[in-house]
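Atom set for the values below is all heavy atoms of this structure, side chains included, hydrogens, waters and symmetry mates excluded. Please read all numbers here as calculations on a predicted model, not as lab measurements.
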Amino acid sequence: MVHVSATPVLALRGVSKRFGAVQALTDVELEVHAGEVVALVGDNGAGKSTLVKTIAGVHPIDEGVIEWEGKAVSINKPHDASGLGVATVYQDLALCDNLDVVGNLYLGRELKHRGAIDEVTMEQKARELLSTLSIRIPSVRIPIASLSGGQRQVVAIARALIGDPKVVILDEPTAALGVEQTAQVLDLVERLRERNLGVILISHNMADVKAVADTVAVLRLGKNNGSFSVKDTSHEEIIAAITGATDNAVTRRAGRRSAEAAK
Amino acid sequence: MSDTSKVSKAEAEVEQSTVAPADDPTAAPVAVVDPRLLVREEGLKGYVTEFKRKIKGGELGSLPVFVGLIVIWTIFQTQNDRFLSADNLSNISYFLSATGMLAIGLVFVLLLGEIDLSVGSVSGLASTVFAVFVVNHSMNQWLALFLTVLTGAAIGALQGWFFARIGVPAFVVTLAGFLGWSGLMLWLLGSSGTINIPAETGPVHLLGQSSFFMDQAVIGAYLLAGLAVLSMLVGSFMEQRRRKAAGVPFRPTSEILLRVVALAVAAFAAAAVLNNASGVSNALVIFLASLVIVDFVLRRTTYGRKIFAVGGGIEAARRAGISVPMVRISVFAISGSFAAIGGMFFAGQTASATLNAGGGNTLMLAIAAAVIGGTSLFGGRGNVWSALLGMLVIQSIQTGLDLLNMNTSIQYMITGAVLLGAVVIDSVSRKSQKAAGRA
């Protein structure tokens with residue numbers, strides 16, 4: 001286990017979010033420390049995407065508190081989130097096909113040199129960043145359209161790092177990738193942890209979660225359904241929390257019994 | 001001119017030398033460059049193979065324009081030997097600037113993947129607004145010019161607002177503008193139908209047919225050509241030095257010299273031809289200066305980058321913190337402004353505001369020019385020089401048909417066919433770009 005600081009860099013306390021008649025999130029708690037990879041798992045519709053969107057500022061929360069380095073903050077728009085140091089890589093990557101790799105990496109925060117875009121420094125820094133992350137792409141000057149799926153994924157993650165974030169959210173980064181590209185992305189996640197970033201990793205793939213995550217937070221039907229330390233939790237326990245196999249008549253009865261016994 | 005062409009052997013060598021990270025001793029050293037990737041060889045052979053690959057991949061760039069120009073000039077020259085005379089070429093250079101201004105504005109809109117059908121009407125309205133200010137209200141011509149351009153910008157911004165904020169398709173908004181603004185122009189002109197603008201001084205004189213750069217001094221044209229060549233030479237070498245210092249791939253000196261020599265030949269030949277006639281018209285100088293400025297804005301400023309980003313992927317642009325509605329509204333405002341400036345050029349041609357200013361096939365010619373020049377209708381690809389290249393083709397056809405005394409009916413049909421041809425080339429090249437993994 002890597003060293004984990006005492007104050008979480010990002011913490012959600014009792015966060016709720018409604019969309020009309022749908023209660024998407026209810027009293028959700030989540031903590032992310034620097035240098036920690038938190039896997040956020042849950043079945044389809046459990047609220048994983050909604051949760052990361054509240055952190056990323058796409059959907060403002062209805063109730064609850066978001067704490068950043070111990071202080072309550074309000075995140076109402078994506079700009080607030082990126083201002084704090086939250087970078088999000090969505091599943092659909094959202095890269096501009098017509099721009100080259102450098103252009104995409106620096107989109108929205110281009111470096112300037114005497115008022116003009118500083119292509120030279122941007123290209124130099126892009127190459128440095130890609131090489132420290134051991135990302136292999138043919139050239140930083142080819143349009144994104146000519147890259148493979150795995151290459152686009154690593155470019156999207158590298159793009160998240162340009163703004164020097166403290167927390168990186170990865171939404172299903174390995175979902176559409178082959179074996180080797182998946183390994184490359186997982187390597188990259190580990191390098192993010194080595195850089196002392198907090199990482200929230202959404203994944204359906206238990207093998208990936210077990211491989212890189214430190215903590216697993218399970219969401220079920222918009223509520224917390226347990227948080228586990230990866231190294232002392234079995235595969236089955238996590239699956240059980242995701243599917244709600246623990247949440248049935250039998251376990252509820254057992255729970256009541258033990259509560260009564262405790263009185 | 002694309003940046004990808006800068007992939008040189010130097011880059012290949014730099015990347016070949018990179019090996020797997022040291023913390024992973026089991027991994028064999030892997031070249032960063034995928035062996036399947038095509039890297040351009042140095043020298044002339046490299047150019048040829050690169051050129052062949054680009055054509056196959058549908059990256060036609062400006063090639064159709066040059067082929068088209070050669071074909072058109074040959075055809076008209078064989079029909080009428082006055083076509084390639086200095087006077088006629090000078091005419092082409094003067095008349096292309098008005099519609100060219102409209103085409104500059106359209107390049108912005110096309111880069112977003114949208115269309116502005118109102119530019120013709122707005123240009124007509126602008127010339128009328130200017131005439132009303134100057135003639136009916138005795139306003140200072142320069143103030144009137146400023147207000148006219150502002151009117152164009154406001155019209156564009158209004159249309160952009162309907163598109164960006166209300167969500168009406170740009171095509172429909174600007175089609176309504178196409179009708180509405182020309183209606184407003186007719187209403188302003190009233191029963192007279194024509195307002196003559198005094199053209200002894202002021203902007204209308206400047207844009208007129210008898211106004212030349214440095215008063216027809218022979219040195220003027222060469223000065224402009226020299227300035228263009230010199231700035232390209234200095235700019236390229238400064239760029240090369242900065243890139244060398246930063247350790248990123250740079251254009252080899254041979255390539256820079258080749259480009260500069262090509263530009264020098266074209267620029268000085270044009271200067272000589274224009275001097276042979278009567279000099280460089282101020283309208284053309286203003287058009288070229290606008291191209292240089294706009295090219296800088298589009299390629300080297302964050303605003304230009306935002307336009308390309310919105311044209312390439314709205315969602316990506318939004319996630320990058322770009323305000324998509326603001327970019328859209330401002331782009332339509334720019335299109336409206338250039339339409340108004342183009343309208344001033346039309347007013348300069350006749351020293352009047354007339355009923356048919358900006359009417360007829362002005363709009364079609366401007367769109368055709370932008371597309372023929374290589375700006376894609378599908379957004380995100382293109383550059384502002386396409387306004388110049390496209391207008392060279394379009395104006396050559398127009399002037400040639402006039403020389404042959406062709407009927408308007410024939411002119412319309414030919415212009416329509418050229419526009420269709422340009423769009424077909426764009427669509428087909430986009431298809432093959434997709435097949436080649438470049439779109």
- Rounded to the nearest 0.5 Å, what separation is found between the SG atom of A/C96 and the CD1 atom of B/I322? 7.0 Å
- Message: If I measure from the heavy atoms of chain B, does A/K112 come under 4.5 Å with its side chain, its backbone, both, or neither?
- Response: side chain
- When the 4.5 angstrom heavy-atom criterion is applied to A/R109 and chain B, the contacting part is neither
- Contact residues of residues 101-108 of chain A (partner chain B; heavy-atom separation under 4.5 angstrom): A/G103, A/L107, A/G108
- Residues, nucleotides or ligands: over 12 heavy atoms within 6.0 Å of A/H113 NE2: yes
- Message: If you count heavy atoms of other groups shown closer than 6.0 angstrom to NZ of A/K125, is the number above 12?
- Response: no
Taking [Y]'s backbone N and O only, do any of them form a donor-acceptor pair with [X]'s side chain (distance below 3.5 Å, no angle check)?
X: B/R300; Y: A/I117; answer: yes
X: A/E110; Y: B/T302; answer: no
X: A/N98; Y: B/F308; answer: yes

- Message: Any salt bridge linking A/E119 with B/R243? Criterion: basic side-chain nitrogen under 4.0 Å from a carboxylate oxygen.
- Response: no
- Answer key: most heavy-atom pairs under 4.5 Å with chain B among A/T88, A/D118, A/T132 is A/D118
- Considering only heavy atoms from C-beta outward, does the side chain of A/R127 approach that of B/P249 to under 4.5 Å? yes
- Message: Among B/R319, B/R318, B/E315, which residue has the highest count of heavy-atom pairs closer than 4.5 Å to chain A?
- Response: B/R319
